[in-house]
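Every chain is numbered from 1, with letters handed out A, B, ... down the list of sequences.
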Amino acid sequence: MPHAEKTAITPTREQDFPEWYQQIVRVAELAEPRDVRGCMVIRPWGFGIWENMQRQLDAMFRATGHRNAYFPLFIPLSHMQKEAEHVEGFAKECAVVTHHRLELGADGKMRPAPAAELSEPLVIRPTSETIIGATYAKWVQSYRDLPVLINQWCNVVRWEMRPRLFLRTTEFLWQEGHTVHETEAEAREETRRMLDVYETFVRDRLAIPVFSGEKSESERFPGAVQTLSIEAMVQDRKAIQAGTSHFLGQNFSRASGIQFQTRDGKQEFGWTTSWGMSTRLVGTLVMTHGDDDGLVLPPRIAPTHVVIIPITPKEESRAAVLEMCTKLAAQLRRGSYGDGPIEVEIDQRDLGGGVKSWEWIKKGVPLRVEIGPRDLESGKVAVSRRDQPVKAKEVFATEGFVDRASEILNSIQRNLFQRAMQFRDTNTRVIDTREEFYDFFTPKNASKPEIHGGFALAYWNGSRAIEDEIKADLKVTIRCIPLADPAHPSEPGKCIFTGEP
RNA sequence: CGGGCUGUGGCUCAGCUUGGUAGAGCGCUGCGUUCGGGACGCAGAGGCCGUGGGUUCAAAUCCCACCAGCCCGACCA
């Protein structure tokens, strides 16, 4: 076998992590770049993952009392200007529509018609706080109208300077929840509740462990009073923000005029929140679980759980093998996994068995089942788990496999989570001194830095100066200040940089 | 938006220095032999050489601009 010990993906993660990531996205048929800088086509396999994320998150939003709605793509420029910090934060990355018609120019090329210039430019939403705020201002009159608990699934555009597929694209898909509450306490509680929803979702469905915490002032959402985030560690030991939840105080209600009459007859501004998760999660998933043979999908999020690969060496046994595959698929589909049936696909394409297997390995499907003529006679199937080495196979009696399929899927799910958790923990350190901190974040090989560092848990005095300093020196950012964990109450400590409490 | 590298068939790339009408491997199509872990033989198809301009008798090759991709930086879900 000429390729026997080769990995399916070159380079490996160790050799070149960013390039490895690009390769996975391409060979697993998740997405590809298209025409406009930073824009991508999300292919069926990648979109299937996103659809599962949507479906599962949506159910969680409903369960916490939220309902979906849809707000316009175009935001009048004047709306954006209402919240000063907000507009400042987004101004540099806004796509702006200025014309509503094309015409043929003198050079024979189409161009925006000068006569059709809009009297007010329209901003394509980079996020919808402002337009939703303007709407809520009309809807909310009395404390009886509160809370408003609405979510929308949509696309947004942020003109990013350095796009990467899924992780940072010019146009991306997300959900944005926007709520209004009667009291500050209630809004803060909502902010925290939705962060917990995110943490639960990412942990239980995507098998990704995260730290939850509060963002420092410099990393806060423009216009927010408080930004909470969940931070995952991917396999180059870097952090990735997987979801955010913002307590907006009364900043946006002041800007948009969301006012209501209180129980004692006074006028008060509403307390608002917003929270979002995006297609970046697909990239996070790839970088958390993928290996040097391709994508590895946690079963709870995989578009297909089991792929059946018919092995048909001889023409005369072909029909019988296919029949067996169909039968097994039907049996498996009657079983349930997660919140639906087991999703099964039979790969009947006229290709060699090895080629088909490798394609599914690269796509990360949790279970591959091979059925050939010999299995027909013995009543057995050969099963490979994506979380095990690619050549490992376990032979099951057909009935036994059907009975145990969802259990095996659970075991893969658990294993992936534990693996990710272990990786994160080995690369997370409590750090007590400045020297240790600098040492931790400095690569050994300066000319060709190896994968180094990780998460440091350290005390910090909260000053912006220190934050800027370590960012300048080490390119290290303060990801979040962990929320108090009731099980492990944090003890007061001294700032490792200044010695202040 | 700054700095660097790159753009040649679906993919990876050679050809460019020294201008002369386009190549390889993989993939794809057909036929045959194969098929229980990336098969082999034979025969084929497929290219405005990123786009536009310039220099030249002649441009993939030289010059300019633009577009796109990747990496680093600032910014970010």
So what does A:I240 touch, heavy atoms closer than 4.0 Å: a base, only the sugar-phosphate, or nothing? nothing
Is there any protein nitrogen or oxygen under 3.5 Å from a nitrogen or oxygen in nucleotides 30-35 of chain B, and what are the pairs?
residue	atom	partner	partner atom	Å
B:C35	N4	A:P313	O	3.4

Any strand is fair game: report the nucleotide pairing with B:C1 by Watson-Crick or G-U wobble, both distances under 3.5 Å, or none. B:G73
Identify the nucleotide, in any strand shown, that forms a Watson-Crick or G-U wobble pair with B:C11, with both distances under 3.5 Å; if there is none, say none. B:G25
Nearest-angstrom distance, P atom, B:G37 to B:G30: 25 Å
What is the nucleic acid contact for A:T127, judged by heavy atoms within less than 4.0 Å: base, sugar-phosphate only, or nothing? nothing
Distance between the P atoms of B:G50 and B:G7, in whole angstroms? 8 Å
Quick test: give all pairs of protein nitrogen or oxygen and nucleotides 73-77 of chain B nitrogen or oxygen below 3.5 Å, distance rounded to 0.1 Å.
residue	atom	partner	partner atom	Å
B:G73	OP1	A:K475	NZ	2.9
B:C75	OP2	A:K471	NZ	3.1
B:C76	O2'	A:E160	OE2	3.1
B:C76	N3	A:R168	NH1	3.3
B:A77	O3'	A:Q241	OE1	3.4
B:A77	O3'	A:Q241	NE2	2.4
B:A77	O3'	A:R280	NH1	3.4
B:A77	N6	A:T169	N	3.2
B:A77	N6	A:T169	O	2.9
B:A77	N3	A:S278	OG	2.9

Can you list everything that forms a salt bridge (Lys or Arg N to Asp or Glu O under 4.0 Å) with A:E199? Sequence neighbours excluded, please. none
Contact class for A:D375 vs. all strands (heavy atom < 4.0 Å): base, sugar-phosphate, or nothing? base
Going by purine N1 to pyrimidine N3 plus the second Watson-Crick contact, or the G-U wobble pair, all under 3.5 Å, which nucleotide sits opposite B:U34? none
Roughly, in whole Å, what's the span from CG in A:L165 to P in B:C70? 7 Å
Please confirm whether A:R280 makes a cation-pi placement over A:F166, using NZ or CZ under 6.0 Å from the six-membered ring centre and within 45° of the ring normal. no
Mind checking what makes salt bridge (Lys or Arg N to Asp or Glu O under 4.0 Å) contact with A:R464, not counting sequence neighbours? A:E217, A:D468
When you compare B:G3 with B:A77, how far apart are their P atoms, in angstrom units rounded to a whole number? 26 Å
Once you apply a heavy-atom cut-off of 4.0 Å, does A:P18 come out as touching a base, just sugar-phosphate, or nothing? sugar-phosphate
For the pair made of CH2 in A:W159 and P in B:C1, what is the distance, rounded to whole Å? 10 Å
With both distances under 3.5 Å as the test, what is the Watson-Crick or G-U wobble partner of B:G46? none
Want to settle it: does A:K393 or A:Q23 sit nearer the 5' end of RNA chain B, counting the closest nucleotide to each? A:Q23
Select base, sugar-phosphate, or nothing to describe what A:V156 touches, counting heavy atoms under 4.0 Å on all strands. nothing
How far, in whole Å, is B:C31 from B:G69 if one measures between their C1' atoms? 40 Å
Going by atom types only, do A:S229 and A:Q241 share a side-chain donor-acceptor pair under 3.5 Å? no
A:R26: partners by side chain to side chain donor-acceptor pair (under 3.5 Å), with sequence neighbours left out: A:Q23
Would you mind classifying the nucleic acid contact of A:R318 as base, sugar-phosphate or nothing, using non-hydrogen atoms under 4.0 angstrom? nothing
In whole angstrom, give the distance that lies between atom CD of A:E32 and atom P of B:A68. 17 Å
Only counting residues at least two apart or in another chain, list the ones meeting side chain to side chain contact (heavy atoms under 4.5 Å, CB included) with A:Y438. A:R434, A:E469, A:I470, A:D473, A:L474, A:F497
Rounded to whole Å, how long is the line connecting atom CD of A:Q22 with atom C1' of B:U6? 14 Å
Could you tell me how far B:G23 sits from B:A68 if I compare only their P atoms? Round to whole Å. 32 Å
Test of understanding: with side chain to side chain donor-acceptor pair (under 3.5 Å), list the residues that count as partners of A:E51, not counting sequence neighbours. none
Hey, does A:G283 reach any base, or is it just sugar-phosphate, or nothing, if we go heavy atoms under 4.0 Å? nothing
What interatomic distance, in whole Å, is found between C1' of B:U8 and the corresponding atom of B:G25? 15 Å
A:R26 atom CZ is separated from B:C70 atom C1', nearest whole Å, by 13 Å
Checking N1-N3 plus N6-O4 or O6-N4 for Watson-Crick, or N1-O2 and O6-N3 for wobble, each under 3.5 Å, the partner of B:G52 is B:C64
Tell me if the centroids of the rings in A:F441 and A:F437 come within less than 6.0 Å of each other. yes
Which of B:A68, B:A39, B:G37 is nearest the side chain of A:V355? It is B:A39
Can I get a per-line list of side-chain donor-acceptor pairs under 3.5 Å for residues 306-322 of chain A, giving both atom names and the distance, sequence neighbours left out?
residue	atom	partner	partner atom	Å
A:T312	OG1	A:R318	NH1	3.3
A:S317	OG	A:K314	O	3.2

Starting from C1' on B:C71, measure out to CZ on A:R164 and report it in whole angstrom. 10 Å
Nearest-angstrom distance from the residue atom CD of A:E370 to P of B:G37: 7 Å
Which whole number of Å gives the distance between the C1' atom of B:C11 and that of B:G73? 31 Å
When the distance from CZ of A:F17 to C1' of B:C70 is rounded to whole Å, what number comes out? 16 Å
How about A:T304 and A:V344: do any of their side-chain heavy atoms sit closer than 4.5 Å? no
ring-ring contact (aromatic ring centres under 6.0 Å, His included): pairs with one or both residues in residues 210-240 of chain A, sequence neighbours excluded: A:H86-A:F221, A:F90-A:F221, A:F211-A:F455, A:F221-A:H246
Find the partner of B:C57: check Watson-Crick (N1-N3 plus N6-O4 or O6-N4) and G-U wobble (N1-O2, O6-N3) distances, both under 3.5 Å, and reply none if neither fits. B:G20
Check: A:E29 and A:P44 side chains under 4.5 Å, non-hydrogen atoms: no
Can you tell me, in whole Å, how much space there is between the P of B:G4 and that of B:C64? 14 Å
